[in-house]
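Down below is the structure, laid out as structure tokens.
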Amino acid sequence: MTEMAIDSVASIVQPLVRRGLFKSPETAVRMLAQDYVLRQLESCQVILKQMEDKHGMNYAQFETYVQRRSELLMTTPNAQLGQAIMQDEDDLFDWKAAHELLQSWLGLQTEIAS
């Protein structure tokens with residue numbers, strides 16, 4: 001990071017330090033980053049919980065369920081089933097993305113904490 005960027009960050013958090021909310025600019029940045037990561041973790045967890053509630057199973061179970069239904073569709077073509085599977089695959093994609101984001105944020109949380 002350039003010295004100008006560091007000065008810019010320090011000037012942004014300086015009012016928080018002056019008001020005694022943080023001991024130093026470094027502490028302010030670290031704690032604000034930790035708070036942001038925590039909120040992202042919570043957001044991912046909400047999505048994962050919503051998917052589990054919606055489908056009544058965990059991700060691995062749902063993945064198997066979708067795979068089996070897709071295999072059924074191959075042997076027994078059915079337009080209605082095909083549409084349902086497409087929706088399930090969309091949910092599966094969103095669920096996987098939320099899980100991967102959660103893992104990424106967890107890794108970042110570990111890095112920031114040290």
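Bear in mind the structure is a predicted one, so any value in this text is a computation, not a measurement. If you read the sequence from its start, that first residue is 1, and numbering goes on from there.
Looking at Arg68, Gln67, Arg69, Glu63 one by one, the single match for side chain to side chain donor-acceptor pair (under 3.5 Å) with Tyr65 turns out to be Arg69. The only member of Gln40, Gln34, Glu42 that meets side chain to side chain contact (heavy atoms under 4.5 Å, CB included) when paired with Leu38 is Glu42.
From Met51, atom CE reaches atom CH2 of Trp95 across 7.5 Å, with rounding to the nearest 0.5 Å. From Glu89, atom CD reaches atom CE of Met86 across 8.0 Å, with rounding to the nearest 0.5 Å. Atoms CG and OG, on Leu41 and Ser104 in that order, are 9.5 Å from each other to the nearest 0.5 Å. Of the inter-residue distances, the one linking Leu48 atom CG with Leu101 atom CG reads 9.5 Å to the nearest 0.5 angstrom.
Here the closest non-hydrogen pair linking Asp88 and Phe62 is O-CE2, 3.5 Å. Val17 and Pro25 make their closest contact through CG2-N, 3.6 Å (heavy atoms, listed as atom of the first residue, atom of the second, distance). Between Ile47 and Ala98, the shortest heavy-atom distance links the atoms CG2-CB, 3.6 Å. Residues Asp91 and His55 share a closest heavy-atom pair of OD2-NE2, 2.8 Å.
Checked against side chain to side chain donor-acceptor pair (under 3.5 Å), Arg30 has no partners two or more places apart in sequence or in another chain. For Lys49, the side chain to side chain donor-acceptor pair (under 3.5 Å) partners two or more places apart in sequence, or in a different chain, are Asp53. By the side chain to side chain donor-acceptor pair (under 3.5 Å) test, Gln109 is found to be paired with no residue, residues two or more places apart in sequence or in another chain being considered.
By the 4.5 Å side-chain criterion applied to Ile, Leu, Val, Met, Phe, Trp and Tyr, Leu72 is assigned to a cluster that also includes Leu73, Leu81, Ile85.
A donor-acceptor distance shorter than 3.5 angstrom exists from the side chain of Ser70 to the backbone of Val66, with no hydrogens or angles considered.
Cluster annotation: Leu16 and Val29 are assigned to the same hydrophobic cluster (Ile/Leu/Val/Met/Phe/Trp/Tyr, side-chain heavy-atom contacts under 4.5 Å, transitive). Residues Leu21 and Val13 fall within the same hydrophobic cluster, defined by Ile, Leu, Val, Met, Phe, Trp and Tyr side chains chained together at heavy-atom separations under 4.5 Å.
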(Q) Walk me through whether Arg39 and Asp35 qualify under side chain to side chain contact (heavy atoms under 4.5 Å, CB included). (A) CA-CA 6 Å; Arg39 285 186 283 124; Asp35 180 65; 3.1 Å; yes

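For residues 66-92, the set of pairs meeting the ring-ring contact (aromatic ring centres under 6.0 Å, His included) definition, not counting sequence neighbours, is empty. Applying the ring-ring contact (aromatic ring centres under 6.0 Å, His included) rule to pairs touching residues 8-38 yields Tyr36-Trp105, sequence neighbours excluded.
The 12-atom threshold is not exceeded at CD of Gln80, counting heavy atoms of other residues, nucleotides or ligands nearer than 6.0 Å.
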